[in-house]
*Asks:* 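Here it is, the structure in full.
Throughout, a chain's letter reflects where its sequence line sits, starting with A, and its residues are numbered from 1.
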Protein chains: 2
Amino acid sequence: MSQALAGDTLHRLLHAYKRALRQAYADEQLELGVAQIRTLKTIRGLSPCSASAIAQRLKWDKAQLARLLGDLDSRGLVHRRPAPDDGRRQQLTLSDAGQAMLARVDACEQRAHERLAKGLSETELAAFEALAQRLIDNLERPIPSAD
Amino acid sequence: MSQALAGDTLHRLLHAYKRALRQAYADEQLELGVAQIRTLKTIRGLSPCSASAIAQRLKWDKAQLARLLGDLDSRGLVHRRPAPDDGRRQQLTLSDAGQAMLARVDACEQRAHERLAKGLSETELAAFEALAQRLIDNLERPIPSAD
DNA sequence: ATTTATTGGTTGATAAAGTCAACCAATTGA
DNA sequence: TCAATTGGTTGACTTTATCAACCAATAAAT
């Protein structure tokens, strides 16, 4: 790696960030994991929403997604309905309980994020976000094959 | 969170990054996981080095570290010797095989990091690193207790 | 219209990452 | 001298992540 960006920095940042999130969720007695919450948030942000859309969006294995959705369903946080136009697909929406849960998550995460961003300006955070997005794009872009 | 930095961006970046690393290691037939490699790299970078120093540095659970070190030891990649000045502590060093392994890792990761950083200038990467370090500092700084 | 390929989702199996508690020996602090 | 803490190990468990096989439905090819 170029000396400017150490992979270890990325590892440590996410490790610290996830621990901060888990602690914030535990403090608030939210009995969900980070992946479950990310799933709920993605359902909120996509319309219409399906398991394959989430898997594509988060680059998750569909088997993992299936289990996460099964769990969220059994907790009554999401609705799964057959899609009207494709018998294979399920239409995912948040239940009332799911929406209420996410409202609590939002409050939780706001505190965690205030702590994360303390002392950094909006300009700096925006710059970080833009750079991070470019790094993601680099990694998610298919490698042109030599064949 | 402030609108400028989305937590989801961090998740997606590390997810993509770890997948890229795992792929790079698999392509090179390195039969180690990301955590094992980070452990070896930390041993290389710390002198003297002990398990507690690594756990402190990476903010890992010491039980997790113990198992990682046991595995690296059984693969002959590290040496564990009693510390001369503290009967509780072990002095950790890389074996010749461990050093050779890290040389392969370095080559591997250079390619992964070139891909990660493609199209970004050294200035941009340095800015990202500096901002990431500040975010880590924010999260790792103890919260002053109200008591 | 029929066949083949792909997609959406589930289940089984497994590995990696991560956490918590209990324990013991050695060291430090009271 | 005794209590508290530290360094490390082991047991147990949870969460995250991956791969393969499978089935039903849809799309593409013939």
Side-chain angles (χ1 to χ4, degrees), chain A residues 10-12 14-23 25-26 30-39 42-43 46 48-75 78 80-92, chain B residues 10-12 14-23 25-26 30-39 42-43 46 48-75 78 80-92:
Chain A
L10 292 178
H11 290 302
R12 287 197 290 124
L14 248 292
H15 187 69
Y17 179 56
K18 280 184 163 179
R19 286 176 67 186
L21 287 180
R22 288 198 196 95
Q23 185 61 53
Y25 300 150
L30 306 184
E31 314 211 331
L32 291 174
V34 171
Q36 291 163 319
I37 289 174
R38 287 187 71 203
T39 303
T42 307
I43 293 172
L46 285 179
C49 183
S50 65
S52 64
I54 299 176
Q56 180 54 40
R57 174 62 174 273
L58 303 185
K59 296 293 181 282
W60 279 352
D61 187 80
K62 53 187 185 169
Q64 176 185 16
L65 217 295
R67 279 182 261 266
L68 284 165
L69 287 171
D71 186 48
L72 292 172
D73 192 353
S74 70
R75 292 169 187 257
V78 299
R80 302 204 268 193
R81 295 190 184 89
D85 56 332
D86 188 333
R88 296 168 298 179
R89 203 194 321 256
Q90 288 169 347
Q91 194 100 331
L92 302 168
Chain B
L10 293 178
H11 289 302
R12 288 196 291 119
L14 249 293
H15 187 70
Y17 179 55
K18 279 183 165 181
R19 284 175 69 184
L21 287 180
R22 286 196 200 100
Q23 186 60 55
Y25 300 151
L30 307 183
E31 314 214 329
L32 292 173
V34 172
Q36 291 163 317
I37 288 174
R38 288 187 69 204
T39 303
T42 306
I43 293 172
L46 285 179
C49 183
S50 65
S52 64
I54 299 175
Q56 180 54 42
R57 173 64 174 274
L58 302 184
K59 295 294 182 283
W60 279 353
D61 186 81
K62 53 188 185 169
Q64 176 186 15
L65 217 296
R67 277 181 263 267
L68 284 165
L69 288 171
D71 184 49
L72 291 172
D73 192 352
S74 71
R75 292 169 184 256
V78 299
R80 300 203 271 191
R81 296 189 181 86
D85 57 334
D86 187 334
R88 294 169 298 176
R89 204 194 320 257
Q90 289 168 347
Q91 193 103 331
L92 302 169

*Asks:* Taking it one step at a time, do B:L14 and A:K18 satisfy side-chain contact (heavy atoms from CB on, under 4.5 Å)?
*Replies:* CA-CA 11 Å; B:L14 249 293; A:K18 280 184 163 179; over 6 Å; no
*Asks:* Just the rounded figure in Å: distance from P of C:dG18 to CG of A:L21.
*Replies:* 14 Å
*Asks:* Can you figure out which of D:dT26, C:dA17, D:dA17 approaches the side chain of A:R88 most closely?
*Replies:* D:dT26
*Asks:* Between B:L32 (CG) and C:dA17 (C1'), how many Å, whole number?
*Replies:* 15 Å
*Asks:* Would you list the protein and nucleotides 18-22 of chain D atom pairs, both N or O, that sit under 3.5 Å from each other?
*Replies:*
unit_1	atom_1	unit_2	atom_2	d
D:dT18	O4	A:R67	NH2	3.3

*Asks:* How long is the gap from CG on B:L72 to CZ on B:R67, to the nearest 0.5 Å?
*Replies:* 14.0 Å
*Asks:* So B:R38, base contact, sugar-phosphate only, or nothing? Heavy-atom distance under 4.0 Å.
*Replies:* nothing
*Asks:* Side chains of B:I54 and B:L92, heavy atoms from C-beta outward: is any pair under 4.5 Å?
*Replies:* yes
*Asks:* Are any of the side-chain heavy atoms of B:L21 and A:H11 separated by less than 4.5 Å?
*Replies:* yes
*Asks:* When rounded to the nearest 0.5 angstrom, what distance separates CD in B:Q90 from SG in B:C49?
*Replies:* 11.0 Å
*Asks:* Report the nucleotide, chosen from C:dG8, C:dT28, C:dT11, that has the shortest atom-to-atom distance to any side-chain atom of A:A66.
*Replies:* C:dT11
*Asks:* Which whole-number value in Å describes the distance from B:H11 NE2 to D:dA17 C1'?
*Replies:* 15 Å
*Asks:* When you measure from the side-chain N and O atoms of A:Q90 to the phosphate of C:dT10, is any distance below 4.0 Å, counting only OP1 and OP2?
*Replies:* yes
*Asks:* Would you indicate which nucleotide in D:dT26, D:dT16, C:dG9 comes nearest to any side-chain atom of A:D86?
*Replies:* D:dT26
*Asks:* Let me confirm one number: the OG-CZ distance from B:S52 to B:R57, rounded to the nearest 0.5 Å.
*Replies:* 13.5 Å
*Asks:* Nearest whole Å is fine: how far is D:dT16 P from B:R12 CZ?
*Replies:* 18 Å
